[in-house]
Amino acid sequence: MDKINAFDAIYQVVREIPSGRVTTYGAIAAYLGMKGGARMVGWAMNASHTLADIPAHRVVNRNGVLTGKNFFGGNRMEMLLAEEGIRVQDDQIIHFKQHFWDPSAELA
DNA sequence: CGAGTGACGTGAT
DNA sequence: CATCACGCCACTC
């Protein structure tokens, strides 16, 4: 069926994240209407980890903290962000608000 | 079938 | 302002 599952939507949004920009689980959840299901977004990211072309490293919690960096297999997440010009310190993105990319505002 | 867990978020103390 | 506790949705034991 052509029904777009919430999962596909999540992957779609994550793929649309421009380089040097980051978003939050809650932002994606809210964009999909799952405001209270931020956890599910993270769970979807976990599944995306088995897929390809899913820059989940650009998705962080609302605090700008690399909560799932451990799932990337070490500091790969921090490295990727650094390559995009995003400064990370103590597993936290500096000027996170400045790099924040809101799908509801930019993608919508 | 019921309880517990999880890459989170918001509210209350 | 910082910390604790609860709630959401889906999945696993």
Side-chain angles (χ1 to χ4, degrees):
Chain A
M1 290 304 235
D2 298 280
K3 278 193 297 191
I4 302 179
N5 294 335
F7 267 55
D8 280 350
I10 293 170
Y11 300 141
Q12 185 67 38
V13 173
V14 174
R15 276 194 210 167
E16 288 296 306
I17 300 174
S19 179
R21 290 275 193 264
V22 288
T23 188
T24 70
Y25 304 97
I28 296 172
Y31 176 67
L32 299 176
M34 293 188 276
K35 187 177 179 187
R39 286 188 148 151
M40 199 184 2
V41 178
W43 177 74
M45 292 287 97
N46 194 350
S48 82
H49 157 36
T50 63
L51 300 173
D53 300 329
I54 307 294
H57 64 271
R58 290 182 185 153
V59 185
V60 295
N61 67 353
R62 100 100 195 160
N63 232 351
V65 180
L66 309 180
T67 43
K69 98 158 192 188
N70 198 3
F71 284 71
F72 273 73
N75 50 353
R76 192 179 318 186
M77 188 174 186
E78 182 178 335
M79 183 183 71
L80 290 169
L81 290 172
E83 284 295 303
E84 300 192 354
I86 297 176
R87 196 73 60 113
V88 178
Q89 185 168 41
D90 190 34
D91 297 342
Q92 190 173 244
I93 297 175
I94 302 177
H95 303 290
F96 166 67
K97 185 176 170 189
Q98 188 177 342
H99 294 295
F100 179 64
W101 179 80
D102 187 349
S104 265
E106 305 291 327
L107 179 62

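The chains referred to below are lettered A, B, ... by the order of the sequence lines, with proteins before strands, and numbering in each begins at 1.
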Nearest-Å distance for atom pair [atom1]/[atom2], residues [X] and [N]:
{"X": "A/Arg62", "N": "B/dA7", "atom1": "CZ", "atom2": "P", "result": "19 Å"}
{"X": "A/Leu66", "N": "B/dA7", "atom1": "CG", "atom2": "C1'", "result": "11 Å"}
{"X": "A/Asn70", "N": "B/dG6", "atom1": "CG", "atom2": "C1'", "result": "14 Å"}
{"X": "A/Phe71", "N": "B/dT5", "atom1": "CZ", "atom2": "P", "result": "15 Å"}
{"X": "A/Asn46", "N": "B/dA7", "atom1": "CG", "atom2": "P", "result": "7 Å"}

Using both distances under 3.5 Å as the test, list the Watson-Crick or G-U wobble partner of B/dA7, or none.
->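 Base-paired to nothing in any strand shown.
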Heavy-atom side-chain proximity of [X] to [Y] below 4.5 angstrom:
{"X": "A/Glu84", "Y": "A/His57", "value": "yes"}
{"X": "A/Phe72", "Y": "A/Met79", "value": "no"}
{"X": "A/Phe100", "Y": "A/Thr23", "value": "yes"}
{"X": "A/Thr67", "Y": "A/Val60", "value": "no"}
{"X": "A/Arg76", "Y": "A/Leu80", "value": "yes"}
{"X": "A/Arg58", "Y": "A/Val14", "value": "no"}

Annotated protein contacts, base or backbone, on nucleotides 7-13 of chain C with a non-hydrogen cut-off under 4.0 Å, one of B, S, - each | BBSSS--
Hey, does A/Asn61 reach any base, or is it just sugar-phosphate, or nothing, if we go heavy atoms under 4.0 Å?
->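 Here A/Asn61 touches the backbone only, sparing every base.
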